[in-house]
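Here's the structure we're looking at; comments come further down.
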Amino acid sequence: MANFILRKAEPKDVSDILRLIKELAKFEEMEDQVILTEKDLLEDGFGDHPFYHCIVAEVPKQDQSVDGHMIIGFAMYYFTYDPWIGKLLYLEDFYVMKEFRGFGIGSEILKKLSQTAVRTRCSSMHFIVAEWNKSSIEFYKRRGASDLSLEEGWRLFKIDKQNLLKMTDEE
Amino acid sequence: MKFNICAAKPEDCKDIARMIMELAVYEKMPDQVKISYKELEKDGFGPNPFYQCLVAEVPEEHKSKDGHTKVGYALFFYTYSTWKGRTVYMEDLYVMPEYRGKGMGKALMATVAKVAKEQHCVRLQFSVLDWNKPSLDFYLSKGAEDLTAKEGWHFLRFHGIALDNLAQEAP
């Protein structure tokens, strides 16, 4: 089995995309943190101002998953900006269903993303990986990725809505 | 000291480029700055802006010893979390050393938070170098959480030749 296509996601794919987002979150042991809905994905990805771009991996009906799915992988990305080097492609999520791994689908997705990055004149493709996720880190490092947290000491921070509102009220 | 926070204009790009370099020097990575005010103008003020920028300005009578009235900036853009939806990523926050301690950093960040709130963003994310104690203390006092420490997230990237190689990789 190696029959698959990669294509741009369409509005009809949001249900599958959310399913795969939740599967990936479950793997990352954070399933309860997914509060996004199909409606959000539709509005935010296919409205007047898309906040993200998405590629999906699709297999023919005869190769569908045990649960009857034909969309078996996805990558969500958007463009960001580094004031030192300019435009970047940021890879937010990248996932292939377990039963479809080992067929080169992940590698093809990554290749397509990097081609998009080069075509749109991005200097770099950035993403984050959890440090315990050794298999993913190895996958990326084998392909030439560098770990900026280890090499340069960058740490990721967040400020949640409650504290954001507090900041706006204080001004 | 009186100051004003407002949206950057194309003519501010020279000042922004100057301060980007000052921040890079502080972060001990000045040789990594590859773009000039020209790219900033094109990428921030064209038909498809890749970033947004706020500038902190002081009146003429408080200009810096080098004659500058634009003394701080915050550069940010919209990103997307597959768990939470719309987020804002604050790429740079900087106030010139002689203007610190006057509330400008706090005001810049509060204005970014205000924009985030108006755009229905649920979270503000940014990164800080692990040795940068003054910044770490500032952000933690505002309710920021270190996701690298808490959840183990590391920043990775495919850059330059590594990106080109990935784009050309045979299936």
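Every chain is numbered from 1, with letters handed out A, B, ... down the list of sequences. Hydrogens, waters and symmetry mates play no part in the numbers below; they use all other heavy atoms, side chains included. This is a predicted model, so every value here is computed, not measured.
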Quick one: CZ on Arg123(B) to CD on Gln162(A), what's the gap to the nearest 0.5 Å? 13.5 Å
Determine, using the 4.5 Å side-chain heavy-atom cutoff (strictly less than), whether Ile55(A) and Met70(A) are members of one ILVMFWY cluster. no
d(Asn165(B) CG, Arg143(A) CZ) to nearest 0.5 Å is 12.5 Å
Given heavy-atom pairs under 4.5 angstrom as the criterion, report whether the side chain, backbone, both or neither of Leu75(B) touches chain A. side chain
Considering only heavy atoms and a distance below 4.5 Å, find which of Ala144(B), Gly44(B), Ala162(B), Cys53(B) pairs most often with chain A. Ala144(B)
Side-chain contact, heavy-atom cut-off 4.5 Å: Asp43(B) with Tyr81(A)? yes
Taking every non-hydrogen atom, the tightest pair across Tyr89(B) and Leu156(A): CE1-CD1, 4.4 Å
Honestly, the part of Lys114(B) sitting under 4.5 Å from a heavy atom of chain A is both
Would you kindly confirm whether Tyr37(B) and Tyr73(B) end up in one hydrophobic cluster when ILVMFWY residues are joined by side chain heavy atoms under 4.5 Å apart? no
Please say yes or no: joined through hydrophobic side-chain contacts below 4.5 Å, possibly via intermediate residues, are Ile35(B) and Met21(B) part of one cluster? yes
Heavy atoms only: give me the nearest Trp132(A)-Glu151(B) pair and the separation to one decimal. NE1-O, 4.4 Å
Based on non-hydrogen pairs under 4.5 Å, which of Ile137(A), Val118(A), Leu164(A), Val129(A) is most in contact with chain B? Val129(A)
Inter-chain contacts: residues 144-154 of chain A against chain B, heavy atoms under 4.5 Å: Gly144(A), Ala145(A), Ser146(A), Asp147(A), Leu148(A), Ser149(A), Leu150(A), Glu152(A), Gly153(A), Trp154(A)
With clusters defined by side-chain heavy atoms of hydrophobic residues (ILVMFWY) lying less than 4.5 Å apart, directly or transitively, does Val122(B) cluster with Phe51(A)? no
Are the side chains of Lys87(A) and Glu39(B) in contact, using a 4.5 Å heavy-atom criterion? no
Rounded to the nearest 0.5 Å, how far does NE2 of His159(B) lie from CD1 of Ile85(A)? 4.5 Å
Rounded to the nearest 0.5 Å, what's the gap from CZ on Arg155(A) to OG on Ser135(B)? Could you check? 14.0 Å
Most contacts with chain B, counted as non-hydrogen pairs under 4.5 angstrom, among Gly45(A), Gly86(A), Gly104(A), Ser114(A): Ser114(A)
Side chains of Asp40(A) and Tyr80(B) in contact at under 4.5 Å (non-hydrogen atoms): yes
Which bit of Ala149(B) is near chain A, if near means a heavy-atom gap under 4.5 Å: side chain, backbone, both or neither? both
Residue-level interface, residues 7-29 of chain A with chain B, non-hydrogen cut-off under 4.5 Å: Ile21(A), Ala25(A), Glu28(A)
Which one of Ile16(B), Leu156(B), Leu163(B) has the most heavy-atom pairs closer than 4.5 Å to chain A? Leu156(B)
Looking at chain A, which one of Asp146(B), Asp130(B), Val33(B), Ile161(B) has the largest number of heavy-atom pairs inside 4.5 Å, strictly under? Asp146(B)
What distance separates Thr80(A) OG1 from Phe50(B) CZ, expressed to the nearest 0.5 Å? 9.5 Å
Indicate the atoms forming the closest heavy-atom contact of Asp92(B) with Pro83(A), along with that distance. OD2-CG, 3.4 Å
Quick one: of Asn163(A), Ile159(A), Leu88(A), who has the most non-hydrogen atom pairs under 4.5 Å with chain B? Ile159(A)
In terms of heavy-atom contacts, does CD1 of Ile5(A) have more than 12 from other residues, nucleotides or ligands at under 6.0 Å? yes
For the student: nearest non-hydrogen atoms of Thr82(B) and Val34(A), plus distance: O-CG1, 3.9 Å
Options Met109(B), Lys117(B), Met90(B), Lys84(B), ranked by heavy-atom pairs under 4.5 Å with chain A, top entry: Lys84(B)
Leu36(A) to Ser81(B) - nearest heavy-atom pair and separation: CD2-O, 3.9 Å
Can you say whether Glu92(A) sits under 4.5 Å from chain B via the side chain, the backbone, both, or neither, judging by heavy atoms? side chain
Tell me whether Arg86(B) is salt-bridged to Asp44(A), with the criterion being a basic N under 4.0 Å from an acidic carboxylate O. yes
Start with the C-alpha distance between Phe158(B) and Leu113(A), add both sets of side-chain angles, then the distance that settles side-chain contact (heavy atoms from CB on, under 4.5 Å), and finish with yes or no. CA-CA 11 Å; Phe158(B) 284 103; Leu113(A) 290 167; over 6 Å; no
Apply ring pair (Phe, Tyr, Trp, His ring centres under 6.0 Å) to Tyr26(B) and list each qualifying residue two or more places apart in sequence or on a separate chain. Trp131(B)
Do the non-hydrogen side-chain atoms of Phe157(A) and Leu136(B) ever get within less than 4.5 Å of each other? yes
Between Phe126(B), Tyr78(B), Tyr51(B), Tyr139(B), who has the most heavy-atom pairs with chain A when the cutoff is under 4.5 Å? Phe126(B)
When rounded to the nearest 0.5 Å, the distance separating OG1 of Thr87(B) from OH of Tyr78(A) is 5.5 Å
Per-residue contact mode, Leu91(A) against chain B (heavy atom under 4.5 angstrom): neither
Check: Lys142(B) side chain, Lys166(A) main-chain N or O, donor-acceptor pair, under 3.5 Å: no
Side chain, backbone, both or neither: which part of Leu140(B) has a heavy atom under 4.5 Å from chain A? side chain
Cluster overlap Phe138(B) with Leu54(B), hydrophobic side-chain contacts below 4.5 Å: yes
Toward chain B: residues of residues 121-128 of chain A with heavy atoms under 4.5 Å: Cys122(A), Ser123(A), Ser124(A), Met125(A), His126(A), Phe127(A), Ile128(A)
Among Glu91(B), Met29(B), Lys34(B), which one satisfies side-chain contact (heavy atoms from CB on, under 4.5 Å) with Trp84(A)? Met29(B)
Okay, Gln32(B) and chain A: the region with an atom under 4.5 Å from a heavy atom over there is both
